[in-house]
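Reminder, nothing fancy here: chain letters follow the sequence lines and each chain counts from 1.
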Amino acid sequence: MRGSKKGSVLLVVMALVLSLFLTACSQDTAKESEGGKDADKNPSNEKQVEITWWNFPNFQALDGEVGKYEKEIIAAFNEKNPDIKVKLEMLTFEGGPEKLNVAIATNTAPDMIYDAPGRIIDWGKKGLLAPLNDMMPDDVKNDISPALMKQSMVGDQVYMYPFNTGPFMMAVNKTLFEDIGELDLLPLDRPDRTWTVAEYEKALHAVKEKAPGIIPSGFYAKSVAGDQGTRGYITNLGTSRFLNEDYSAVAINSESGIKGLEWVVQASRDGLVAPGAASLDAGDHNDLFLQGKMAFAINYSAVLKSLFAPNKTEDFEDVLLPYPTPDGSDPKLEPFLGGLAVFNNDDDKKAEAAKKLVDFIVNDPEWGEKNLIQTGGLSARNSVTGLYEGSEYEYSELARKFITDPPTIADGYAEVRTFWFPALQEAILETKSAKEALDEFAEKSNAAIEKAKAANK
Amino acid sequence: MMSYLFLLPALTFFLIFVVYPMLRGIYMSFFDYNITSFEFIGWDNYGTLYHDKTFHKSMINTIVLVAVAVPIVIGFSIFVAMSIYKKSEFIRSFCRGIFYLPAVTSVVSVTVVWGWIYHPNFGILNYITSFFGIEPVSWLGDPKTALMAITVILITTSVGQPIILYVASLGNIPTTYIEAAQIDRATPWQIFRKIIWPLLMPTSLYVIVITTINSFQCFALIQLLTSGGPIYSTSTVMYGVYQQAFLLGNFGLASAMGVILALVIGVISIIQFKYLGNDVEY
């Protein structure tokens, strides 16, 4: 009895404390909202709009400081738009996607984001973004390749303003081939540098024989990052597609796709691929190349080349190459594409202000080109060329003709990509044949695509 | 009354930051909760998990991890504690420091170091095994070795605190009991089994429960070293919760996984308390 009396007292006190706590919170909220009303009444604040910009490190760090360049953009933007206050928050590629998922789920999404189609188009399909059609007249749309526009739209609505691009391809340590006297094995004297799988194999064997301390090529199957490199590599080795043309089903489990993966498995057995690929991620793979320990990297681009430059521990010349194909035909390269999107946060003023910032970043006569160069990428616009000097940028411009449509905007892509690396692990560890691994991948992925299609309807 | 008021601040925080999120998690597990919807679906999330082979694999991996790590942590901690507790203060402090270091170092730093130790091409472990004519092994890249490799790291980061607790507990055992047993010509093993182990039981119960819970919640090692691979061989329930909630945005399904994990931990803890929780006074 005594115990229950004490328990009742305790409960009453707890309830009292909690109610005080909640009352205090609600009073704070009430004060804030009153403050908000006062601010609305104040004519000087009437036009002031505050927007948030969440940005991945898409611009190269200025003076080694991440976000410094973005602050310069905001300062320049504010000179022309003093009535718009921009709050910048830098994300990391590792934790950023998670933070965005949580923010969207809790209605605290930013107003503007600079990201890639994989996420942006998924948000577009879920009705979370403001359409940007009013910002993109026909002359701008027509100046962007259909493959890139397809990555920026859902139906006839533009949800991402495409900004910088560059085809994903391979890279080779040219200096190494000069050192071993086998430079002629590389297709560098051909204008478009296309080559066959047999020629590629010959180059790999030359490294294995003449530079035994160097790993001929790399592969990776850990995490989900850098999946475009493994996709492009395998689809070209077998001349296949990853998904079918309407993104409704997996196509990589075709006969030619299986051949591509079988080639990787055989090359692993032959010691032409870095051992332990199942436990390496894209970063480990790139590190091997940048440290001069590996001759070919399978996930490179003009953008990555400039981003990776500070990480090189060996002095060598890295040169871009397209993925080889069985008959030397034109490769199909997935594009890197960066673009800007505006979240629909039920506030027209904020959406308009965010659009102004998007327009400034992409189209400002002074800052547009400067911003593009700071990304190290090519322009999404076909008419904007010659931004950089150097053979690799020239080649990157030329290789734009090989750009194909990537699977990133498929329904359920986020889930599909989680099945990809386990399938690769099954094949390279030979716990399943390439066909079995890809068939199983197709089965799981097709189910995920169907489910997502139904959810997005 | 006064004593209850002193409890109030901690209790308030406990209710707000532990009890409420827990209840909310249970509630969310009955919803299709993703970044755009919050729809009641009853037991569907649990049904999905019941049929999900990846979740089954994760649960098995989790149980294997706990079943291997916990006995080794307990056994190794007692062995080290028994070896050092009668030594000089300097040796005791030195050993405690060595074993406690991985426990206080950031898990990310420890994991990065182990990542290099296990590296298939440049790892020191393969370098050492090469002296014995063993071919290089991809420790984290082979489904046969990956979970074992993770377990080893989990053990090294978990033994620090138990060693300190056991050294302290051993020091509290009255020497008269052991001396009496020695006069009766009891063997060292008999002394350990009949006197020391029972008297260490309160400490062991705490260590077993805490190590079990920590092992069930092992996440950072897996996220940083293997991402659940290769071929889901290191995927645990905690990693699955993270993947569903934060990578795929399926908060409802992740909550259901969390509830199942909490239930499993709860049941195991109750069993541990029931069978190991005898009061010992000396």
CG/A:Leu280 to NE2/B:His119 distance, rounded to the nearest 0.5 angstrom?
6.0 Å

Chain A contact via B:Phe251 - which portion, at a heavy-atom distance below 4.5 Å
side chain

A:Glu89 atom CD: more than 12 heavy-atom contacts under 6.0 Å
yes

Looking at B:Phe246, I'd like to know if the NZ or CZ of A:Lys99 sits under 6.0 Å from its six-membered ring centre while staying within 45 degrees of the ring's axis.
no

So which atom in A:Ser279 and which in B:Pro120 form the shortest heavy-atom distance, rounded to 0.1 Å?
OG-CG, 4.1 Å

Grab the two heavy atoms, one from B:Tyr232 and one from A:Pro422, that are nearest each other, plus how far apart they are.
OH-CG, 3.6 Å

Rounded to the nearest 0.5 Å, how far does CD1 of B:Ile231 lie from OG1 of A:Thr431?
3.5 Å

Selection from B:Pro143, B:Gly115, B:Pro230, B:Ser138 maximising heavy-atom pairs under 4.5 Å formed with chain A:
B:Pro230

Taking atom NZ as the centre, does A:Lys453 end up with more than 12 heavy-atom neighbours from other residues, nucleotides or ligands that are less than 6.0 angstrom away?
yes

Side chain / backbone / both / neither for A:Leu424 at chain B, heavy atoms under 4.5 Å
neither

Got a sec: does the CZ of A:Phe93 have more than 12 other heavy atoms crowding it under 6.0 Å?
yes

Using 0.5 Å steps for rounding, measure from the CD atom of A:Gln291 to the CZ atom of B:Phe122.
6.5 Å

In this structure, are over 12 heavy atoms from other groups packed under 6.0 Å from B:Ile134 atom CD1?
yes

Partner of A:Asn101 by side-chain contact (heavy atoms from CB on, under 4.5 Å), out of B:Asn34, B:Asn250, B:Ile35
B:Ile35

Candidate pair A:Glu98 and B:Tyr242, rule side-chain contact (heavy atoms from CB on, under 4.5 Å), full reasoning:
CA-CA 9 Å; A:Glu98 297 150 27; B:Tyr242 157 78; 2.4 Å; yes

Structural part of A:Ile104 lying under 4.5 Å from a heavy atom of chain B:
both

Check whether A:Lys125 gets within reach of chain B through its side chain, its backbone, both or neither, counting any heavy atom under 4.5 Å.
neither

Any sub-3.5 Å donor-acceptor pair from A:Lys222's side-chain atoms to B:Leu140's backbone N or O?
no

How long is the straight-line distance from OG of B:Ser37 back to NZ of A:Lys126, given to the nearest 0.5 Å?
9.5 Å

Other residues, nucleotides and ligands only: do more than 12 of their heavy atoms fall within 6.0 Å of OH on B:Tyr50?
no

Under the side-chain contact (heavy atoms from CB on, under 4.5 Å) criterion, do B:Leu247 and A:Thr418 qualify, and how do the steps go?
CA-CA 9 Å; B:Leu247 292 183; A:Thr418 65; 5.6 Å; no

Okay, A:Leu288 and chain B: the region with an atom under 4.5 Å from a heavy atom over there is side chain

Toward chain B, the part of A:Lys293 with a non-hydrogen atom under 4.5 Å
side chain

